[in-house]
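Below is one structure, written out as structure tokens; the observations come after it.
Both counts, for ligands and for their atoms, begin at 1 and track the order of listing.
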Amino acid sequence: MIQKHETPMRQQDPKVRIGNFGEVPLGYAEEEAVREAERCLQCPNAPCVEGCPVRIDVPLFIKHIKNRCFAEAIATIKEENSLPAVCGRVCPQENQCQGVCTLGERFEPVAIGKLERFCADWEAEHGCISTEIQTDTGYRIAIIGAGPAGLTAAGELRKLGHDVTIFELLHVAGGVLMYGIPEFRLPKEIVKREISALERTGIKIKVNKVIGQIYTVDDFLVRDYDAVFIGTGAGLPRFLGIPGENLNGVYSANEFLTRTNLMRAFRFPEYDTPIKVGRRTITVGGGNVAMDSARTALRLGAKESIIVYRRSEQELPARREEVEHAKEEGIEFRLLTNPTRIISENGYLKEMECIRMKLGEPDESGRRRPIPTPDSEFTIEMDTVVVAIGNNPHPLVPRTTKGLDLNRWGNIVADSKTGQTSKEGVFAGGDIVTGAATVIEAMGAGKRAAVAIDRYLKTKR
Ligand code: FAD
Ligand code: SF4
């Protein structure tokens, strides 16, 4: 008899976890992983593989878990995915592999993500699986940006024997995995561990290198490199454009999360980089970034943390699991509400003026368009605001590279199958091409571009 529901994963009690930055779900023990693996039907057509942007052989790795061959399970995953501990924690599996799982037609789908996480954590405890590297080709490739797109492209190119150097603007590699996604969802030690495994394959990572200022893509091509991959992400915050947005106490989610994650504000006074959060914080937005910001505010000491979102619950773009976790922690959702003005008194934030919204016809995103209800303004008292309404592409590299086609939002135009841009020898992928998307989509793009770069180099020969 198949177990109808997925094997639950133990997690920190909501009342306890809002007082710490420790990880919320605690992982499967071996017995739990094996029990969950036994639910897999081993479908011959394996729709879960199609549903995975990097095409992990899902039934095979699950079969290995069922047979307690955990080293084989992680080796199978790592053939296709160089960041399994990350993906097992933050991928929106419900829309990908698990969304198409055959078992899901009758019961809850197999918890593929949780099993992936189990394998990666098992590897961390029991020693690393080594990666096979082909003979050196002599080709040199520059990767710009050490986020999931750049790291994946680098990993794949290195496996093929190429000499790969990543140039990263920040003082650490990882992109959003390090500066954006909070510790309680993705511990930074885990990101560092996966990056170290990549470095051990021979990839060089140069941090504090702002490409577009110290060197340009054109410099790379003229001087030392045979090809360039651009994976600079969408790190430029969008703002509401309403009065009061420049007041002290209003943060972009980027600043708020970067100061917390990267500058370790949550470990003040051990780290001398505090961040001020008042009694009541309002976060504007409904995506993962908004959930992360509102939940971070609670952990930084806010007594109340409110999400203001202009559509209804059904349209919230955040992962379902994150919304549920936010609710369990006591985050309040003010839906169909849009800010119109931020008001201060004596230099301190006091109130947010909002207007009530209703939903009209679907817009180009397929979601119903929010429409303001005339004369429905009201105010909410607060003392901190975090704006989490999306990001634009990082402009520096696109602006300083000659002959690179951009779309009207400033994203680099690149072939979706190869990452080839309008410039010979230059490839791109991840959020800089698609706009803000997901970790696994960025990784999928990095992987496809690596195959295309390898092909390009061979034809250059
Ligand atoms: P990034 O991760 O942005 O990495 C780009 C890198 O390029 C950065 O390190 C940046 O510093 C560097 N760079 C930029 N310009 C330059 C330059 N000029 N020179 C050198 N380096 C440069 N996705 C999920 O799948 N699940 C989630 O739960 C999830 N939660 C998220 C939560 C937050 C708070 C945020 C912000 C995003 C979240 N995402 C999530 C989205 C996901 O993180 C991104 O889609 C993904 O990181 C994109 O990868 P990337 O490599 O394209 O870009
Ligand atoms: Fe197993 Fe679901 Fe994949 Fe079928 S679709 S092989 S049940 S994980």
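- Remark: distances from the non-hydrogen atoms of M443 to ligand 1 are all 4.0 Å or more.
- Polar contact check, I440 against ligand 1: no nitrogen or oxygen pair lies under 3.5 Å apart.
- By the 4.0 Å heavy-atom criterion, G235 is excluded from the residues contacting ligand 1.
- If you look at atom 2 (Fe) of ligand 2, the protein N, O or S atoms less than 2.8 Å from it are C101 SG.
- Between Y28 and R35 there is no side-chain heavy-atom pair separated by less than 4.5 Å.
- Of the N or O atoms in A442, none lie within a sub-3.5 Å distance of an N or O in ligand 1.
- Backbone and side-chain nitrogen or oxygen atoms of L169 are examined, and one is located within less than 3.5 angstrom of a nitrogen or oxygen of ligand 1.
- Partner of E183 under the salt bridge (charged side-chain N to carboxylate O under 4.0 Å, His left out) criterion, chosen from R299, R264, R267: R264.
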Please step through salt bridge (Lys or Arg N to Asp or Glu O under 4.0 Å) for the pair E324 and R320, ending with a clear verdict.
-> CA-CA 6 Å; E324 291 312 321; R320 198 66 238 163; 2.9 Å; yes
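- Using 4.0 Å as the threshold, G212 has no heavy atom nearer than that to any atom of ligand 1.
- The proximity of K209 to ligand 1, defined as any non-hydrogen pair under 4.0 Å, is limited to the backbone.
- Note: no N/O pair closer than 3.5 Å links N391 and ligand 1 by distance alone.
- Residue R185 has at least one nitrogen or oxygen atom sitting less than 3.5 Å from a nitrogen or oxygen atom of ligand 1, judged on distance alone.
- K423 is linked by a salt bridge (Lys or Arg N to Asp or Glu O under 4.0 Å) to D218, counting only residues two or more places apart in sequence or in another chain.
- Considering both main-chain and side-chain atoms, L257 never comes within under 3.5 Å of ligand 1 through any nitrogen or oxygen pair.
- The cationic atom of R17 (NZ for Lys, CZ for Arg) does not lie both less than 6.0 Å from the six-membered ring centre of F184 and within 45° of the ring axis.
- Taking only nitrogen or oxygen atoms, main chain and side chain alike, G430 does not reach within less than 3.5 Å of ligand 1.
- Looking from atom 4 (O) of ligand 1 to the surrounding protein, the closest heavy atom is G147 CA, 3.3 Å.
- Of all the atoms in ligand 1, the ones that sit under 4.0 Å from a non-hydrogen atom of I211 are 17 (C), 18 (N), 19 (N), 20 (C).
- Heavy-atom contacts of G175 reach the following atoms of ligand 1: 2 (O), 4 (O), 8 (C), 9 (O) (cutoff under 4.0 Å).
- Scanning both residues, H394 and P398, for their nearest heavy atoms gives O-CD, 3.3 Å.
- Taking a 4.0 Å cut-off on heavy atoms, A436 fails to register as neighbouring ligand 1.
- Taking the charged nitrogens against the carboxylate oxygens, R193 and D121 do have a contact shorter than 4.0 Å, which makes a salt bridge.
- Neither the backbone nor the side chain of P182 comes within contact range of ligand 1; no heavy atom lies under 4.0 Å.
- When each atom of ligand 1 is checked for a heavy atom of I181 under 4.0 Å away, the hits are 29 (C), 30 (N), 31 (C), 32 (C).
- Remark: ligand 1 and D292 share no N or O pair separated by less than 3.5 Å (distance only, no angle test).
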For this session: Apply the test salt bridge (Lys or Arg N to Asp or Glu O under 4.0 Å) to residues K447 and E80: give CA-CA distance (whole Å), side-chain angles for both, the deciding distance (0.1 Å), then the verdict.
Result: CA-CA 9 Å; K447 214 169 151 177; E80 309 300 338; 2.6 Å; yes
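- Each of the atoms 19 (N), 20 (C) of ligand 1 lies under 4.0 Å from some heavy atom of I144.
- Heavy-atom proximity to F167, at under 4.0 Å, picks out these atoms of ligand 1: 20 (C), 21 (N).
- In summary, the atoms of ligand 1 found under 4.0 Å from a heavy atom of V397, numbered by their order in the structure, are 18 (N).
- Polar contact check, G180 against ligand 1: no nitrogen or oxygen pair lies under 3.5 Å apart.
- For the pair V439 and ligand 1, the shortest N or O to N or O distance falls below 3.5 Å.
- Within 6.0 Å of atom NZ in K204, more than 12 heavy atoms from other residues, nucleotides or ligands are found, so the atom counts as buried in its surroundings.
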